[in-house]
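First the proteins, then the strands, lettered A, B, ... as listed; each starts at 1. Here the structure is a predicted model, which means the values were calculated and not measured.
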There are 2 protein chains.
Amino acid sequence: METRHRPSLAGDCPVDAALEVIRGRWKGTILWRLEDGPMRTSELRRSIPGITERMLIRHLHELVADRILEREDAGTIPPHVTYRLSEYGRTLAPIVWGLCRWGRLHQERRATQSL
Amino acid sequence: METRHRPSLAGDCPVDAALEVIRGRWKGTILWRLEDGPMRTSELRRSIPGITERMLIRHLHELVADRILEREDAGTIPPHVTYRLSEYGRTLAPIVWGLCRWGRLHQERRATQSL
DNA sequence: GATAGCGCTGACATTCCCGTCAGTACTTCT
DNA sequence: AGAAGTACTGACGGGAATGTCAGCGCTATC
């Protein structure tokens with residue numbers, strides 16, 4: 001499994017420490033999707049338009065390395081792998097909700113501004 | 001938890017729309033610093049170790065373009081420019097606090113794990 | 001027996017972020 | 001006179017982040 005160790009970005013700002021975990025083109029969306037419950041890899045891929053399988057799996061594995069997600073492999077063939085928020089990952093939920101709520105606000109604002 | 005009435009596809013995910021604004025190596029830290037009140041450019045630069053003037057100004061201007069910050073130029077020479085959270089930007093405050101609180105948790109967790 | 005699906009990996013190509021360096025047009029300090 | 005500070009810009013390079021393409025081993029389905 002790819003477990004490349006990201007060099008921790010300098011600076012002890014806690015806000016930065018949190019953002020480091022979420023940084024990544026698709027991580028926010030992935031966390032949002034998983035808030036509804038566990039999902040299989042292929043299920044996630046189909047539910048996130050635009051994402052490639054490569055990036056999905058990279059981000060999933062990074063989130064597992066950060067203990068935000070848990071990976072469950074049924075060990076069957078063909079493979080059946082499920083990802084779920086860990087208990088720790090669920091402590092991120094308020095932030096994800098906040099981002100979702102504010103994001104909606106921001107989308108509306110941009111729509112009414114530019115149109 | 002019940003954000004469950006969502007469409008099956010996560011197109012234009014609001015979480016993503018929000019993260020787009022915060023994306024950037026120093027934006028979280030900048031917002032965090034400005035939560036205490038308006039600051040001059042040079043004041044910000046000195047208060048954020050590791051940041052370069054180039055990146056500070058780029059990020060500040062991007063945040064201004066996104067209407068999160070307001071720029072106030074005294075018009076004097078030498079220049080005296082102040083940045084403050086806009087009213088809109090202040091709606092981000094709960095998220096920044098959340099990130100700060102969770103970030104602290106995460107820093108502690110990593111510290112106790114690696115020891 | 002050809003195909004599609006599963007989860008995943010390796011080797012690239014590309015794109016974009018970030019940081020470095022230099023320079024602007026002043027003024028104040030030494 | 002020279003240096004330092006102020007807010008900022010343009011050019012540019014390295015490298016990280018992201019995307020593309022091929023392929024693996026296996027199975028169920030047509």
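- Atom CZ of R23(B) has more than 12 heavy atoms from other residues, nucleotides or ligands within 6.0 Å.
- At whole-Å resolution of the value, CE in M55(B) and C1' in dT9(D) are 14 Å apart.
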Could I get a table of every N or O pair under 3.5 Å where one atom is in the protein and the other is in nucleotides 5-7 of chain D?
unit_1, atom_1, unit_2, atom_2, d
dT6(D), OP1, R46(B), NH1, 2.8
dT6(D), O3', R40(B), NH2, 3.0
dT6(D), O3', P79(B), O, 3.2
dA7(D), OP1, R40(B), NE, 3.0
dA7(D), OP1, R40(B), NH2, 3.1
dA7(D), OP2, S42(B), N, 3.0
dA7(D), OP2, S42(B), OG, 2.9
dA7(D), N7, E53(B), OE2, 3.2

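- For the pair K27(B) and E62(B), the salt-bridge criterion is met [side-chain N within less than 4.0 Å of a carboxylate O].
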Q.
Show, in sequence, the C-alpha distance, side-chain angles and deciding distance for S42(A) and R46(A), and conclude whether the side-chain contact (heavy atoms from CB on, under 4.5 Å) test is met.
A. CA-CA 6 Å; S42(A) 53; R46(A) 280 190 296 263; 3.7 Å; yes
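- Counting to the nearest Å, the P atom of dA28(D) and the CD1 atom of I77(A) are 10 Å from each other.
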Q.
Before you tell me yes or no, could you show the steps for W26(B) and I48(B) under side-chain contact (heavy atoms from CB on, under 4.5 Å), namely the whole-Å CA-CA distance, both residues' side-chain angles and the distance that decides it to 0.1 Å?
A. CA-CA 9 Å; W26(B) 304 97; I48(B) 303 177; 3.8 Å; yes
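- The minimum heavy-atom distance between L85(A) and L34(A), with the atom names listed, is CD1-O, 3.9 Å.
- Considering only the side chain of R25(A), dT18(D) comes nearest among dT20(C), dC26(D), dT18(D).
- Across the protein-nucleic acid pair, E62(A) atom CD and dA16(D) atom C1' stand 11 Å apart, rounded to whole Å.
- The heavy-atom pair separating I30(A) from H59(A) by the smallest distance is CD1-CB, 3.7 Å.
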Q. Going through the checks in order, is the side-chain contact (heavy atoms from CB on, under 4.5 Å) test met by R40(A) and Y83(A)?
A. CA-CA 6 Å; R40(A) 299 184 61 171; Y83(A) 292 90; over 6 Å; no
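- Per the geometry, CD1 belonging to I48(B) stands 12 Å off P belonging to dG19(C), to the nearest Å.
- Smallest separation of non-hydrogen atoms from W32(B) and P14(A): CH2-CD, 3.7 Å.
- Salt bridge absent: E43(A) and R33(A) never bring a charged side-chain N and a carboxylate O closer than 4.0 Å.
- The shortest distance between the side-chain N/O atoms of H59(B) and the OP1/OP2 oxygens of dC18(C) is below 4.0 Å.
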Protein-nucleic acid N or O pairs under 3.5 Å, nucleotides 14-16 of chain C:
none

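- Side-chain atoms of R58(B) come within donor-acceptor range of the base of dG19(C), with a qualifying N/O pair under 3.5 Å.
- In terms of polar N and O atoms assigned as donor or acceptor, the side chain of R54(A) never comes within less than 3.5 Å of the base of dG7(C) in a complementary pairing.
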Q.
Does M39(B) form a side-chain contact (heavy atoms from CB on, under 4.5 Å) with T82(B)? I'd like the steps, not just the answer.
A. CA-CA 5 Å; M39(B) 283 200 198; T82(B) 309; 5.9 Å; no
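- The side chain of W26(B) contributes an N or O atom lying less than 4.0 Å from OP1 or OP2 of dG19(C).
- Applying side-chain contact (heavy atoms from CB on, under 4.5 Å) to L99(A) and the options L99(B), I22(B), D16(B) leaves one that passes, I22(B).
- Remark: nothing in residues 15-24 of chain B comes within less than 4.0 Å of DNA chain D through any heavy atom.
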